[in-house]
> 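Take a look at the following structure, please.
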Number of protein chains: 2
Amino acid sequence: MARLPVYQRILEELLRSGTTTVSSELLASAAQVNAAKVRKDLSLLGSFGTRGAGYDAAFLIEQIDRGLGLDRIWPVVIAGIGHLGRALAHSQGFAARNFRVAALLDSNPAIIGEQVDGVVVRHPDDLSQIAGEEPLSIGVITTPASAAQRVADQMVGAGVRSILNFAPQMLEVPPEVLLRYVDLSIELQVMSFYLSHLTGEGGEGRMPVIRSIGLSPSPPE
Amino acid sequence: MARLPVYQRILEELLRSGTTTVSSELLASAAQVNAAKVRKDLSLLGSFGTRGAGYDAAFLIEQIDRGLGLDRIWPVVIAGIGHLGRALAHSQGFAARNFRVAALLDSNPAIIGEQVDGVVVRHPDDLSQIAGEEPLSIGVITTPASAAQRVADQMVGAGVRSILNFAPQMLEVPPEVLLRYVDLSIELQVMSFYLSHLTGEGGEGRMPVIRSIGLSPSPPE
DNA sequence: CGATGTGAAATGCTTCACAGCA
DNA sequence: TGCTGTGAAGCATTTCACATCG
């Protein structure tokens, strides 16, 4: 299931290059996985392929979006309007996947009132008021670690049901709130592991394959 | 193995709060995994625990660092000094894990020459010259998609052995170069999946657990 | 005693191989 | 004939359960 976004990125690139139909073989080689895996993955969502021909790329993207719950708009609130917060607010990937930046928060008076991508930055203390104006589904925390727990509490109080935390800080939230962590240095750490073992002692043992790169080991429920 | 960075973050937080010794049980509940899994994971690196007592947190961090290849300094070059590039350059997580920002690149004349965190921004065309001044192990691409392939080529030409790509663009690199993709919206997509299934039709089937959040399905070799 | 380290069982995921359909 | 969709086999990871040691 975590591979679905990978397929999507490939499908979109294929669409841009004019390809309209794609085989599991082609998708697999682009994603560097087994073709049977692609078919199994896609078959979990339904039967969208045409035997003998392959899959219709545009239709498949739609179906994957539906499977991922991306066939509706998710209002996102971002707390911490530093470089990372701005990068996320601008991100094409957000807009393209139906994530709408509904609110921006920062406690720095110098930033409050500033417009980023057409959205005015407000103070976290206004959160409950903002939530009254429009529903907020997902909270993204890009504040310093010291501010993370407080803003998480405020988000929960405002009815946010899931939080994505980029701050290097473990958070406490009620069990019904979905919480995931992202650490931008994790991929580098994985690279470090590979690099040191590739160039290092050389072929003394089996090299484990690292698939996941998340900080979020916990399934909800 | 992808869980090791998670343990580390928890261990560091425990250290800061004054804890010096930790049991697999405690680590497991913090990481929300099984205690046996923690012990298995750690035993792959060696036998660092004391039976009856647990693990020494500081010593364990050291050993995990060693296992991940983080016991040496990795020089990193970042291409694309927008918000994301700056966020990464400033990132505490980089410095804390021995990643040193050795060079910053951008093709925008308005940015070239600017100092970010004590490092001067230079033009990507200078890469081979920069590589002559100091070795570059890891390249990070945070440029727009249209510039990504070109700068990747230049990095490879300059001897960079692994590339982390944040640009929404599939890249071609020689097989000996380690390439991984990061998409900042992937975690949001996972959340979207959970949210729509939690609030949606309600308990008609088993909910798959999504562990990995990477765009990098390919092991090297 | 309490917690680690580890064979062995259980579970889940991946791959194979082929039936079935356009 | 070509490629999907899927049972069944194969492989890897996770969990259990307990011997072992400080």
Side-chain angles (χ1 to χ4, degrees), chain A residues 1-4 6-7 10-11 14 19-57 59-61 63-64 67 190 205-214 216-219 221, chain B residues 1-4 6-7 10-11 14 19-57 59-61 63-64 67 190 205-214 216-219 221:
Chain A
M1 280 279 159
R3 285 186 294 268
L4 292 180
V6 182
Y7 300 152
I10 295 165
L11 286 168
L14 287 174
T19 312
T20 168
T21 283
V22 61
S23 70
S24 63
E25 196 74 49
L26 179 63
L27 245 186
S29 79
Q32 304 191 36
V33 298
N34 189 291
K37 198 186 285 182
V38 172
R39 293 199 296 274
K40 262 266 154 73
D41 289 344
L42 296 181
S43 75
L44 291 179
L45 302 174
S47 294
F48 305 129
T50 311
R51 297 183 189 218
Y55 301 87
D56 180 76
F59 181 65
L60 193 51
I61 288 177
Q63 295 307 313
I64 294 178
V190 171
R206 213 178 55 73
M207 166 98 55
V209 171
I210 300 187
R211 286 200 198 79
S212 97
I213 54 164
S216 302
S218 60
E221 307 281 273
Chain B
M1 279 280 162
R3 285 185 294 268
L4 293 180
V6 182
Y7 300 152
I10 294 165
L11 287 167
L14 287 173
T19 313
T20 168
T21 283
V22 61
S23 70
S24 63
E25 196 74 51
L26 179 63
L27 245 186
S29 78
Q32 305 192 37
V33 297
N34 190 291
K37 197 186 287 183
V38 172
R39 293 199 295 275
K40 263 262 154 75
D41 289 344
L42 297 181
S43 74
L44 291 179
L45 301 174
S47 293
F48 305 129
T50 312
R51 297 184 190 219
Y55 302 87
D56 180 77
F59 181 65
L60 193 51
I61 289 177
Q63 295 308 313
I64 294 178
V190 172
R206 213 178 56 70
M207 167 97 56
V209 171
I210 300 188
R211 287 203 195 76
S212 96
I213 53 164
S216 303
S218 60
E221 309 283 273

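All chains are named by letter (A, B, ...) in the order of the sequence lines, taking the proteins before the strands, and each is independently numbered beginning at 1.
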> Look at S23(B) and dA3(C) and indicate whether a side-chain polar atom (N or O) is within less than 4.0 Å of OP1 or OP2.
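No, because none of the side-chain N or O atoms of S23(B) sits under 4.0 Å from OP1 or OP2 of dA3(C).
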> List the atom of A31(A), the atom of V6(A), and the distance in Å for their closest heavy-atom pair.
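Smallest interatomic distance, heavy atoms only, reads CB-CG1, 4.2 Å.
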> Verify, without hydrogens or angle tests, whether T50(B) (side chain) and A53(B) (backbone) share a donor-acceptor contact under 3.5 angstrom.
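Here the side-chain-to-backbone pair does not exist.
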> Below the 4.0 Å mark, does dG2(C) have OP1 or OP2 next to a side-chain nitrogen or oxygen of Y55(B)?
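The answer is no; no side-chain N or O of Y55(B) sits under 4.0 Å from OP1 or OP2.
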> Could you tell me the separation between the CG atom of L27(B) and the C1' atom of dA3(C), rounded to a whole number of Å?
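Computing the L27(B):CG to dA3(C):C1' distance gives 13 Å.
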> From CG of L42(B) over to P of dT13(D), roughly how many Å is that when rounded to an integer?
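Rounded to the whole Å, the gap is 16 Å.
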> Figure out the CG/P separation between L45(B) and dT4(C), and round it to whole Å.
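One finds 15 Å between P of dT4(C) and CG of L45(B), rounded.
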> Search all heavy atoms of T19(B) against all heavy atoms of A57(B) and return the closest pair with its distance.
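Heavy-atom minimum between the residues: O-CB, 4.4 Å.
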> Which atom names give the shortest non-hydrogen contact between L11(B) and V22(B), and what distance separates them?
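Heavy-atom minimum between the residues: CD2-CG1, 3.7 Å.
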> What is the distance, to the nearest angstrom, from the CD atom on Q32(B) to the P atom on dT14(D)?
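Taking CD of Q32(B) and P of dT14(D), I get 16 Å after rounding.
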> Do L42(B) and I64(B) come within less than 4.5 Å of each other through their side chains, counting heavy atoms only?
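A side-chain contact exists here, since the closest heavy-atom pair is under 4.5 Å.
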> Closest heavy-atom contact between Y55(B) and G49(B)?
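Closest heavy-atom pair between Y55(B) and G49(B): CD2-CA, 3.4 Å.
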> Could you state the atom-to-atom distance from CD of E25(B) to P of dC1(C) in whole Å?
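Distance check: E25(B) CD to dC1(C) P gives 19 Å.
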> Between protein and nucleotides 15-22 of chain D, map the contacts as a letter string: B base, S sugar-phosphate only, - none, heavy atoms under 4.0 Å, written 5' to 3'.
BBB--BBB
> What's the CG-P distance between D41(B) and dT4(C), to the nearest Å?
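Taking CG of D41(B) and P of dT4(C), I get 13 Å after rounding.
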